[in-house]
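Each chain gets a letter, A, B and so on, in the order its sequence line appears, and its residues count up from 1. Computation of the quantities below employed the complete heavy-atom set of this structure, encompassing side-chain atoms and omitting hydrogens, waters and symmetry-equivalent molecules.
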There are 2 protein chains.
Amino acid sequence: MTFDNIDKKLLEYLQADSKQTNKELSNKLNLSVTAVYERIKKLEKEGFIDKYVALVNKDLVEKSFVAFCHIKLIQHSQNFVMEFEKEVKDLSEVLECYHISGDYDYLLKILVKDIAAFREFLVKKLTSISHIGSTHSMFVINEVKHTTTISF
Amino acid sequence: MTFDNIDKKLLEYLQADSKQTNKELSNKLNLSVTAVYERIKKLEKEGFIDKYVALVNKDLVEKSFVAFCHIKLIQHSQNFVMEFEKEVKDLSEVLECYHISGDYDYLLKILVKDIAAFREFLVKKLTSISHIGSTHSMFVINEVKHTTTISF
DNA sequence: GTTGAAACAGGTTCCCC
DNA sequence: GGGGAACCTGTTTCAAC
């Protein structure tokens, strides 16, 4: 499909603020409202836009503690990998989980209330998951940058 | 301020899909449309909702390569830290940057087109930033989980 | 907090170029 | 593909309970 520079601009605007009206977008893009509307519908239909969401301030809702956790599995048989990944997906404290190259197998981003809640999570939930060998945690001291926006 | 269980439910719904109508939300929450409307406005005004955004499918827009990059600074004087953080914020390939505990000072999440683009980014942009001591990169083999939703 | 209704704005459709 | 106008759905405001 065609995906031109106007579409890229449009995606950048919608990633910054999805509540803008088509009229506002049409001004920024020098297009008519109809054209903007059709381009957005096209981007939605073709899957360029996954979904529209509200981003919540984690500090105000008492989820201020962020940690990254490296995890090594005991074994790497397909069964072990699949079971581990399935169980991790069900943990609401785990916002992100990546299978990565390097010394460890996985990198997890964890969000909880405070360090006590993190300890609780680590002991009660994470390390009780099947097939975990070792873990290594890093605490976030400061969030320097955090965006969901892909730039073109 | 009051922030009750209905507000939490409401935030969960809006984090999952911010394009729902107030009528749909009122059904799920067993509230009137007016009540939903007022709660949302309250959550926006008090800062619980940072913003509304579109989430873009990175693979369709040719940004399929994700890497995490550990960075150690040469020195940790306030000037060095501030300069480094300022420069990192301006790099569009860096979606996230955290000051963390542990062997390295920072953890960065990088998004680019492919491994060639990553090499380019590393050599041309990242390592030319001031005060960087050493770096250590980990490539994402598979994204097991990735959500922006905070659970309550 | 609820209901209902009125006013308005924006999304959506249609027809034109 | 883009533009303009009509239409229609959802948001916003308000009054009364």
Distances under 3.5 Å between nitrogen or oxygen atoms of protein and nucleotides 5-11 of chain C:
unit_1  : atom_1 : unit_2 : atom_2 : d
dG11(C) : OP2    : N22(A) : N      : 3.2

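- A straight line from CG of D4(A) to P of dG1(D) spans 10 Å, rounded to a whole angstrom.
- For R39(A) and dG1(D), the shortest distance from a side-chain N or O to OP1 or OP2 is not below 4.0 Å.
- Checking side-chain atoms of E85(A) against main-chain N and O of M82(A) turns up no donor-acceptor pair under 3.5 Å.
- Taking atom CG on L25(B) and atom P on dT9(D), their separation rounds to 19 Å, with Å as the unit.
- Counting non-hydrogen atoms of other residues, nucleotides and ligands closer than 6.0 Å to NZ of K113(A) gives a total of 12 or fewer.
- Paired with K125(A) under the rule salt bridge (charged side-chain N to carboxylate O under 4.0 Å, His left out), one option of E120(A), E87(A), E93(A) passes, and it is E93(A).
- Counting to the nearest Å, the C1' atom of dT12(C) and the CD atom of E38(A) are 10 Å from each other.
- Between S32(B) and the phosphate of dT2(C), there is a side-chain N or O to OP1/OP2 separation shorter than 4.0 Å.
- One atom, CG of L29(A), and another, P of dG2(D), lie 11 Å apart when rounded to the nearest Å.
- The hydrophobic cluster containing I150(B) also contains L29(B), counting ILVMFWY residues as joined when their side-chain heavy atoms lie under 4.5 angstrom apart, directly or transitively.
- Rounded to an integer number of Å, the gap from CG of L31(A) to P of dC17(C) is 21 Å.
- Ion pairing between K51(A) and D17(B) fails under the 4.0 Å rule for side-chain N and carboxylate O.
- When the ring pair (Phe, Tyr, Trp, His ring centres under 6.0 Å) test is applied to H99(B), the partners found at least two apart in sequence or on another chain are Y106(B).
- Straight-line distance from the CG atom of N30(B) to the P atom of dG1(C): 13 Å, rounded to whole Å.
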